[in-house]
Amino acid sequence: MKEELKKFGILEENVSLETLNTYRIKTYSKHLLHPRDEEDVLRFLQYAKEKKLDFFILGNGSNVILDDTTYNGVILKLDQLKKIEYQGQEVTVGAGVMINFLARDIIENGLSGLEWASGIPGTIGGSIYGNAEAYKVSTFEYLKSVRFITPDGEIKTSVKEDIFHAYRTSFFKENPGYVILEATFVFSRGEKEKSLLIIKDRLQRRLASQPLEYPSAGSVFRNPSPEMPSGKLIDDLGLKGKRVGDAMISVKHANFIINLGNATGKDIRSLIQLIHDEVERVYHIDLILEQEIKKW
């Protein structure tokens, strides 16, 4: 299979995934493939379908909980899809571009609209997939259209109005057979200095309220409502500091689980289950997990 996979991009074998997930879970993949372009992606998907090959797409690993054993399928990294094209206020961006990089890039080009995303360590593809948001602004806010591959191997483009999206989810998250290739956004005209001040303010807020000094994957659960944040529910139960192995509920923000050094995927999943069950027992609220668990 090795020689076959090389036809679809840059292939790495027996790769440590520790630096490819923000929880820093120590795990491995037998194959890690970086398609060079959209054609590579399309041909790989056709090959995988024909061979019934297990694979999944890993963005920046910032919203996933990986398993602890070696993955024997193929992990697809779309980090070579890094096009950024400007046409006035319209910007077309490859799925592998980091959203925090784009936030800075559009500012340098006189545009505004992604200041909220300057601290989010996710790709454009992943941000659309999960409709990432912060400070009550979401990825879909400035989105115009998305170009993607369907499960049948067709490349299509849909405008935002035709794509289901809601709080921390989207059509693509609920239909994982679709692969995002690129997206077009329409941003506002901006003032560089004003935007940089907003970014500075957001960073200070994040440093004050989030445990950025430890590996984590951001918010663990979706908020049941704006008036009822998950962090407060967890905090009110006195669960801050609760540990399973080296996974711990942050004492700085209760909706963050951090890795104190050697946390496993199992440790993190166990702690998530403990939080979920305790919130349900006391408040009768079924918290929805924001992070994705990858089991293989």
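One N or O on the side chain of N259 and one on the backbone of G261 form a donor-acceptor pair closer than 3.5 Å. With hydrogens and angles ignored, the 3.5 Å screen pairs no side-chain donor or acceptor of S118 with any backbone N or O of A103. A donor-acceptor distance shorter than 3.5 angstrom exists from the side chain of S170 to the backbone of Y129, with no hydrogens or angles considered. Not one N or O on the side chain of N255 forms a donor-acceptor pair closer than 3.5 Å with the backbone of I234. Checking side-chain atoms of Y23 against main-chain N and O of A247 turns up no donor-acceptor pair under 3.5 Å.
In this structure, Y71 and L66 have side chains that are not in contact, with every pair of non-hydrogen atoms separated by 4.5 Å or more. Taking the side chain as every heavy atom from C-beta outward, Y178 and T150 approach each other to under 4.5 Å.
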Step by step, would you call L111 with R189 a side-chain contact (heavy atoms from CB on, under 4.5 Å)?
CA-CA 5 Å; L111 300 176; R189 292 287 179 193; 3.9 Å; yes
- Message: Before you tell me yes or no, could you show the steps for I84 and F101 under side-chain contact (heavy atoms from CB on, under 4.5 Å), namely the whole-Å CA-CA distance, both residues' side-chain angles and the distance that decides it to 0.1 Å?
- Response: CA-CA 11 Å; I84 303 179; F101 176 86; 3.7 Å; yes
query = Under the side-chain contact (heavy atoms from CB on, under 4.5 Å) criterion, do E90 and V186 qualify, and how do the steps go?
reply = CA-CA 4 Å; E90 283 197 8; V186 181; 3.7 Å; yes
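Surrounding CD of Q87 are at most 12 heavy atoms belonging to other residues, nucleotides or ligands under 6.0 Å away. No more than 12 heavy atoms of other residues, nucleotides or ligands lie within 6.0 Å of NZ in K266, so this atom counts as exposed by the packing criterion.
Partners of T169 according to the side-chain contact (heavy atoms from CB on, under 4.5 Å) rule, which considers only residues two or more places apart in sequence or in another chain, are F164, A166, K173, E174, R222. Remark: D235 engages K240, A254 in a side-chain contact (heavy atoms from CB on, under 4.5 Å) (not counting sequence neighbours). Evaluation of the side-chain contact (heavy atoms from CB on, under 4.5 Å) rule for T22 yields N60, S62, A217 as partners, not counting sequence neighbours. Here S195 pairs with I107, S112, E115 under the side-chain contact (heavy atoms from CB on, under 4.5 Å) rule; sequence neighbours left out.
Salt bridge absent: E18 and R24 never bring a charged side-chain N and a carboxylate O closer than 4.0 Å. The residues D236 and K232 are annotated as salt-bridged, a charged nitrogen and a carboxylate oxygen being separated by less than 4.0 angstrom. Classification of K82 and D79 as a salt-bridged pair fails, no side-chain N sitting under 4.0 Å from a carboxylate O.
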Run the side-chain donor-acceptor check on residues 43-53: report pairs under 3.5 Å with partners two or more places apart or on a different chain.
{"residue": "R43", "atom": "NH2", "partner": "K7", "partner atom": "O", "Å": "2.7"}
{"residue": "R43", "atom": "NH2", "partner": "D40", "partner atom": "OD1", "Å": "3.0"}
{"residue": "K49", "atom": "NZ", "partner": "P151", "partner atom": "O", "Å": "3.4"}

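Classified by interplanar angle (parallel below 30°, tilted 30° to 60°, perpendicular above 60°), the ring pair F185/F187 is parallel.
Residues T264 and D267 bring a donor and an acceptor atom of their side chains to less than 3.5 Å of each other.
A side-chain contact (heavy atoms from CB on, under 4.5 Å) with R104 is found for exactly one of L196, N109, L114, namely L196.
Transitive grouping of hydrophobic side chains (ILVMFWY, heavy atoms separated by less than 4.5 Å) brings Y283 and V220 into a common cluster.
The hydrophobic cluster of I198 has no other members, since no ILVMFWY side-chain heavy atom comes under 4.5 Å of it.
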